[in-house]
There are 2 protein chains.
Amino acid sequence: MSEKVTIYDIAEKLNITAATVSRALNNNPKIKEATRELVIKTAAAMNYKQNKLALALKSGRSNNIGVIVPRIDSNFFASVIRGIEEELYPHGYQVIICQTHESIKRENENLHTLVDAQVDGIMMSVTGVSNENDSAFRNVLEKNVPLIFFDRSKHIDGVSSVTINDFKGGYLATKHLIDEGCRNIAHFSGDQSLDIFKNRFLGYKQALLDNGIEFKEEYVIYTKSAVDAGKESVDKLLQLETPPDALFSSSDFAALGAIQELKERNISIPNEFCVAGFSNEPFTKFMELSITSVDQSPLEMGKMSARVFLEQVDKTDTIKIEKKVVLAPELHIRKSSAKTNF
Amino acid sequence: MSEKVTIYDIAEKLNITAATVSRALNNNPKIKEATRELVIKTAAAMNYKQNKLALALKSGRSNNIGVIVPRIDSNFFASVIRGIEEELYPHGYQVIICQTHESIKRENENLHTLVDAQVDGIMMSVTGVSNENDSAFRNVLEKNVPLIFFDRSKHIDGVSSVTINDFKGGYLATKHLIDEGCRNIAHFSGDQSLDIFKNRFLGYKQALLDNGIEFKEEYVIYTKSAVDAGKESVDKLLQLETPPDALFSSSDFAALGAIQELKERNISIPNEFCVAGFSNEPFTKFMELSITSVDQSPLEMGKMSARVFLEQVDKTDTIKIEKKVVLAPELHIRKSSAKTNF
DNA sequence: TACTTTCGTGTAATCGATTACATAATTTTA
DNA sequence: TAAAATTATGTAATCGATTACACGAAAGTA
């Protein structure tokens, strides 16, 4: 029905050329004021809409940015995306979502697809199990597409990142458990090819060290971020000759599983056993036995990633800016670990 | 660094024209087999990538589809988007995300932006407070862009929809509460300009009617989908001369708020008071006092929306197909309402 | 051999907007 | 008033791919 109106249609109607129309609409200073007004009025009257695809082809900029996450249906990633979208919306960028489902193959596919679609930038949380094949990332950078890692980062030249201080997060949580009087503190970690898990682990270790508590290898379990995995893992811990009296889990879901299992065994939380998680998922606050957790301020992380992108996108591409933003984690102390204050 | 390779570069290298290259790459049957192979091999060797923007401009199809939701950081919407993305990924579509934050203005802006960006289709959950100004929707349809509503729908000619049977969901939840012996059942509803809330409400009413229970206006509270709103609302209910003994809430969050408030007042759940929510948010299952809730199968809803889009996108645009898919809700009975079986 | 088909490829327009360069129109300066 | 400077607009190329049409060459037919 609605035939598309182009600048040529406007030009024809006004007996001028498309070039003049284009200049008028773009506020080119060389255009006579009267002409500009006439063109703008006519364009509005004809319901002209700029063809973004033509513009994109000509300029090489699509006004789209790509976001790659392991999955979107997690509160953390969804919140980051929300932050990105809100920050970029006023600048006219659209956000394209891709999921990797923790597959390297999908991650590489997504990177290529986004580059092919000529997005103006890519923000992503990398997938673990790195085969150390950085070619897909290099390809992005060679095309001069700004690449920004958030949360899950990797050391690649030319890539900016926005992360939280996972070491500090791990340290804070562990220190808190120590302050509550726990001395046998277990740890659930995750995929060691991801820095976030390594750093939380290191923070945990350091807190033990700083407080004169011996680190025990058997207290560390590498587990998936899932409720069932948490149940199974705490099960193993309780079979040790000296079972732990506290747990710092790198995952809220695994922490929840642990709590469920402990309750079934009638182990009293926090009196006999303290638990702290990581991510501050909404449910940690909602539970009757609310769960202590480290907040990663995902909304802020998303906004910050977007800002870093905006800084980079207009810079001359000869100078490679590499910005590393590290946000501060915040420990939310709740019933699962607070023997005293609740 | 990496200069972009076009079909002209390939043509030049092989001393043929770009037209031939294009045809060879597109498996045009008029091309000699030898030429085709040579072109394909050369293209690969030169690391040729088709410029999607040029293709999009020529064809008028961007291979992007737009998704508009009130907000992305809700498990329900994120899951729907996940479903859409997974279903569309194999077909080469990219998903662009927009948020309305329940603002009509933003909704209209998003619709226009997406149409301007020439997406090949739009899937959305409408925002309430309809000023009955359908012009933004009409504009989409006039541009022959398939428009599909999911979950929150509106009656507009030419728009397909994928929803759940909210009436049935409301009926099931209410009937279940009746079966548990409750006779004074309150209801939290929402924005009455949204069909989902009206229909859940109607299902609630019908269940009462079918079981000989008088409907009482004062048992219905229109509340936001938030924990605090739930607390306040249940507070009002308890001040009635005959306070209810059960609640069917159209929102899990409000249901949670109600439960928190009831507990503070030492009202025993489910013995003295039964609660059922709607949406089956993850936390409803995680709580120690798990919350009965109606599941909307968001993943399936997303996939189904994508399928409806795929059906429509290739049809000749002379025939307007309008498909209405209604998914079945599923009641998950949990501790907050099960007096007997838990 | 001459004439039609068929096949493979080239030519050039097209999608819609931007922009370097050229040129016409107007104003300024001498 | 004529030349110079300025201003506004037109011309045409460009971004990269697709495709209707044209055309030469090869193959088939009489």
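Residue numbering restarts at 1 for every chain, and letters A, B, ... go by the order of the sequence lines.
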Practice task
Under 4.0 Å between any heavy atoms, over every strand shown, what does B:Lys52 touch: base, sugar-phosphate, or nothing? Just pick one.
Solution key: nothing
Exercise for the section: Kindly say if B:Gln50 contacts the phosphate of D:dT18, meaning a side-chain N or O under 4.0 Å from OP1 or OP2. Expected result: yes
Exercise for the section: Send over the distance from A:Tyr8 OH to D:dT11 P, rounded to a whole Å. Expected result: 12 Å
Problem - B:Thr17 side chain near C:dT9 phosphate (N/O to OP1/OP2, under 4.0 Å) - result: no
Problem - Proximal nucleotide (of D:dT11, C:dA12, C:dA17) relative to the A:Tyr48 side chain - result: C:dA17
Problem - Touch class at under 4.0 angstrom, heavy-atom based, for A:Leu55 against every strand present - result: sugar-phosphate
Fill in the blank from the handout: Between NZ of A:Lys32 and P of D:dG10 the distance, given in whole Å, is 10 Å
Practice task
Send over the distance from A:Asn15 CG to D:dG10 C1', rounded to a whole Å.
Solution key: 13 Å
Handout entry: Closest to side chain of B:Ala54, choosing from C:dG10, D:dT19, D:dG16
Key = D:dG16
Handout entry: Near-ring test B:Phe137/B:Phe149, centroid separation under 6.0 angstrom
Key = yes
Exercise for the section: Measure from CD1 on A:Ile31 to C1' on C:dT18 and round the result to the nearest Å. Expected result: 13 Å
Practice task
Select base, sugar-phosphate, or nothing to describe what A:Thr35 touches, counting heavy atoms under 4.0 Å on all strands.
Solution key: sugar-phosphate
Problem - Distance test, side-chain N/O of A:Asn28 to OP1/OP2 of C:dT19, below 4.0 Å - result: no
Practice task
Under 4.0 Å between any heavy atoms, over every strand shown, what does A:Thr6 touch: base, sugar-phosphate, or nothing? Just pick one.
Solution key: sugar-phosphate
Practice task
Please say whether more than 12 non-hydrogen atoms of neighbouring residues, nucleotides or ligands are located less than 6.0 Å from CZ in A:Arg106.
Solution key: yes
Exercise for the section: Just call it for A:Thr20: base, sugar-phosphate, or nothing, with non-hydrogen atoms closer than 4.0 Å on any strand. Expected result: sugar-phosphate
Problem - Whole angstrom value for the distance that separates P of C:dT18 from CG of B:Leu57 - result: 12 Å
Problem - Euclidean distance, atom CG of residue A:Asp9 to atom P of C:dC15 [Å, nearest integer] - result: 10 Å
Handout entry: Donor-acceptor pair between A:Ser160 and A:Gln312 side chains, under 3.5 angstrom
Key = yes
Practice task
Would you kindly say whether B:Thr17 and B:Thr20 are connected by a side-chain donor-acceptor distance under 3.5 Å?
Solution key: yes
Practice task
For B:His112 and B:Ala136, work out which heavy atoms get closest and say how close.
Solution key: CE1-CB, 4.5 Å
Practice task
Indicate, with a heavy-atom threshold strictly under 4.0 Å, whether A:Ile16 touches base, sugar-phosphate, or nothing.
Solution key: sugar-phosphate
Practice task
Ignoring backbone atoms, establish whether A:Asn51 has a side-chain N or O less than 4.0 Å from OP1 or OP2 of C:dC15.
Solution key: no
Exercise for the section: Decide whether A:Ser153 and A:Thr163 meet the rule of one side-chain donor and one side-chain acceptor closer than 3.5 Å. Expected result: no
Handout entry: B:Arg23 CZ - D:dA22 C1' separation (whole Å)
Key = 11 Å
Problem - Rounded distance in Å - CZ (A:Arg61) to C1' (D:dC15) - result: 15 Å
Practice task
Select base, sugar-phosphate, or nothing to describe what B:Lys58 touches, counting heavy atoms under 4.0 Å on all strands.
Solution key: base
